[in-house]
Amino acid sequence: MYPQADRFWNPVMETLPREKLQALQLKKFRRIMQWAYDHSRFHRKLYQEAGIEPNDIRSMQDIALVPKVEKAVMRDIQGKDPFPYGDMLCVPLDRVTAYRQTSGTTGQPVYQPDTWQDWEWWAEAWASILYAQGYRPSDRVFLPFGYNVFVAFWAGHYGAEKLGCEVVPGGVLNTEARLLKMKEVRATAFMATPTYVLNMADIARKKLNLDPARDLNIQRITCAGEPGANIPATKRRMQEAWGARVFDHIGATEIGAWSFECQEQPGGLHVIEGLFLVEIEDVETGEIIQEPDKPGKMIVTALDRYAQPCIRFDSKDIIKWHDQDCSCGRTYRLIKDGVIGRADDITKVKGVLLTPTAIEEVVRSIPELSNEYEVVVCKKGDVDDISLKVELYPEAENRQKQVQARLEEELRLKTNLRYNISCHSIESLPRYELKAQRFKDMRK
Amino acid sequence: MCMPEEILRNHVARIKEIRARVQELQDNSLGIQAIEANTRRILASVYMLEMNLEALETAEGNKMIGDAGA
């Protein structure tokens with residue numbers, strides 16, 4: 001009944017014509033808004049103060065009238081009864097079966113409750129992500145992460161299981177032991193942050209005398225947790241190091257698993273529009289952007305998440321719609337190049353707007369430099385100062401001057417800024433296992 | 001490709017029936033934790049079915065036949 005149904009996890013949802021997809025989204029938005037209105041003191045107060053009720057939402061355009069929620073607001077209401085979630089919680093506390101929290105890179109962590117049903121929803125979303133990236137029941141998927149309070153790859157684990165993969169948990173092991181286990185069981189896939197993907201490859205070569213591309217059986221890698229897999233130079237480094245295809249996924253603890261890069265690798269990620277509503281808001285005017293190639297802030301709604309609903313959450317992520325459809329056949333829209341910045345990361349240095357990922361793209365496009373770098377912005381008197389530390393591979397040390405000159409020029413072209421650049425030996429800079437913090441703004 | 005509306009209605013009715021029967025089992029579990037816990041998990045999976053069926057209704061039907069349970 002659905003031609004080529006085996007190309008998609010859910011060929012119905014993933015190929016719905018746009019007008020039907022929007023009809024479904026509208027129906028679901030009204031349902032989750034009604035749910036939140038009926039079950040959460042926070043949401044009812046928010047909507048009543050805005051003079052809006054769920055029945056007022058009759059078209060997609062009406063959705064923009066619903067007030068947004070920011071992470072800072074979530075922090076303020078949590079820590080109170082029903083402890084620790086506060087009155088954003090929409091279910092009795094004894095229906096919460098999963099506790100997670102955000103990573104805390106932008107401040108106090110936000111607590112995230114999920115019911116059994118919400119957790120099934122996480123698994124459903126991740127199953128669709130992994131299927132789109134070529135995972136099949138024949139895959140043996142290794143999970144090299146700590147299985148701690150961050151949702152990270154827990155949902156990837158359960159999604160892979162739902163899909164029918166064999167999942168090998170590599171929680172307690174150190175990096176060398178994980179690599180050896182991946183080799184021993186002939187794992188075909190794994191999931192990690194881009195930082196750790198590159199770190200593992202480094203350790204494999206230096207400490208185990210293993211070439212991941214030659215000696216391990218990895219065919220696909222799913223990255224999440226930080227930008228990287230959609231920065232071309234970083235993606236290239238990962239794919240070359242592992243001899244595997246690398247795919248991006250962007251999600252968040254407080255939102256869900258909302259996007260994926262498919263096997264066509266179209267230069268962007270699909271929004272899982274059957275489960276999420278993504279709006280792009282013009283940062284200056286607040287208008288909702290429909291046209292491609294115009295960046296704005298992502299406002300996102302998780303259409304089926306009930307314990308702590310995510311309704312018009314202001315993610316602060318900067319994205320833009322792609323100007324092309326994807327050849328994979330999905331009608332889920334693409335965001336171009338992934339998350340291209342964060343509204344609170346994009347900063348002005350010497351009067352120039354700077355997106356930290358632009359620096360990564362330049363550093364990692366220069367083969368003489370290692371994967372690690374560090375940027376520090378500070379004030380010297382009244383003037384901004386930006387310095388960049390990079391690591392030079394030993395074989396390139398006799399070309400330091402030329403490498404530095406190339407780095408300076410390419411950074412100037414890409415970011416319109418001049419940096420105080422210093423080259424350091426390998427292993428001088430910090431290594432990170434999970435999310436890296438390479439950009440430090442000391443002016444804040 | 002077009003599923004007759006009658007077949008779709010039958011699917012939806014069947015899912016609603018399953019939900020009702022499992023819910024009844026949960027409500028009348030005699031306080032037996034094993035029954036309560038497993039029925040709760042089944043209902044979570046039933047919601048996923050309902051959610052996917054809702055998409056099928058949207059694709060195939062001209063009107064929304066059923067509602068995914070909350």
Side-chain angles (χ1 to χ4, degrees), chain A residues 1-5 8-28 30-36 38-39 90-91 94-95 97-98 114-125 127-128 158-159 162 272-275 303-307 309 331-332, chain B:
Chain A
M1 295 198 63
Y2 280 84
Q4 300 183 308
F8 310 102
W9 174 252
N10 186 329
V12 179
M13 205 179 270
E14 295 175 42
T15 63
L16 268 177
R18 290 299 309 165
E19 66 278 6
K20 291 193 174 182
L21 186 52
Q22 288 192 322
L24 181 65
Q25 289 178 320
L26 179 60
K27 180 192 178 195
K28 286 178 149 192
R30 293 185 58 175
R31 181 167 66 218
I32 195 67
M33 186 182 168
Q34 186 72 62
W35 169 264
D38 291 341
H39 294 89
C90 284
V91 297
D94 63 3
R95 292 270 303 275
T97 52
D114 283 305
T115 62
W116 264 123
Q117 183 176 292
D118 292 330
W119 200 245
E120 276 290 336
W121 165 83
W122 270 105
E124 183 77 14
S128 71
Y158 282 96
K162 188 172 212 179
I272 304 179
E273 293 189 275
L275 303 182
L303 298 166
D304 298 276
R305 194 178 197 182
Y306 287 91
T331 52
Y332 287 168
Chain B
M1 164 254 20
C2 194
M3 183 181 290
E5 196 168 304
E6 188 188 332
I7 292 179
L8 197 52
R9 280 185 187 277
N10 287 340
H11 281 331
V12 173
R14 193 84 180 92
I15 293 296
K16 284 188 173 175
E17 187 189 330
I18 289 170
R19 173 176 277 283
R21 292 190 68 178
V22 176
Q23 187 71 60
E24 191 185 342
L25 196 59
Q26 190 184 44
D27 294 343
N28 295 299
S29 64
L30 304 175
I32 297 170
Q33 290 303 311
I35 295 176
E36 278 194 36
N38 281 294
T39 48
R40 196 163 58 241
R41 289 185 76 159
I42 291 169
L43 287 172
S45 294
V46 167
Y47 181 82
M48 291 305 115
L49 268 177
E50 288 169 321
M51 193 180 71
N52 288 308
L53 209 59
E54 186 177 51
L56 188 61
E57 291 170 343
T58 308
E60 304 256 357
N62 291 321
K63 55 182 186 244
M64 304 302 170
I65 301 171
D67 264 339

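Letters A, B, ... mirror the listed sequences (proteins, then strands); counts begin at 1.
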Original post:
Looking at CG of A/L24 and CD of B/E57, how far apart are the two atoms once the value is rounded to the nearest 0.5 Å?
Top reply: 9.5 Å
**OP:** Taking atom CZ of B/R41 as the centre, report whether more than 12 heavy atoms of other residues, nucleotides or ligands fall under 6.0 Å from it.
**Re:** no
**OP:** Examine whether an atom of A/I32 lies under 4.5 Å from a heavy atom of chain B, and if so say whether it belongs to the side chain, the backbone or both; otherwise answer neither.
**Re:** neither
Original post:
Do other residues, nucleotides or ligands put more than 12 heavy atoms under 6.0 Å from B/E6 CD?
Top reply: no
Subject >> Approximate separation, where rounding is to 0.5 Å, of B/E54 CD and A/K28 NZ >> reply: 5.5 Å
**OP:** Mind running side-chain contact (heavy atoms from CB on, under 4.5 Å) on A/W116 and B/L43 for me, showing each step along the way?
**Re:** CA-CA 9 Å; A/W116 264 123; B/L43 287 172; over 6 Å; no
Subject >> A/R18 atom CZ, over 12 foreign heavy atoms within 6.0 Å >> reply: yes
**OP:** Considering non-hydrogen atoms only, spot the tightest contact between B/T58 and A/L16 and give its length.
**Re:** C-CD2, 4.3 Å
Original post:
At their closest point, which heavy atom of A/Q117 faces which heavy atom of B/A44, and how far apart are they?
Top reply: CA-CB, 3.5 Å
Subject >> Closest non-hydrogen atom pair between B/M48 and A/E124, with its separation >> reply: SD-CB, 3.8 Å
Original post:
Where is the tightest heavy-atom contact between B/M51 and A/M13, given as atom of each residue plus distance?
Top reply: O-CE, 3.9 Å
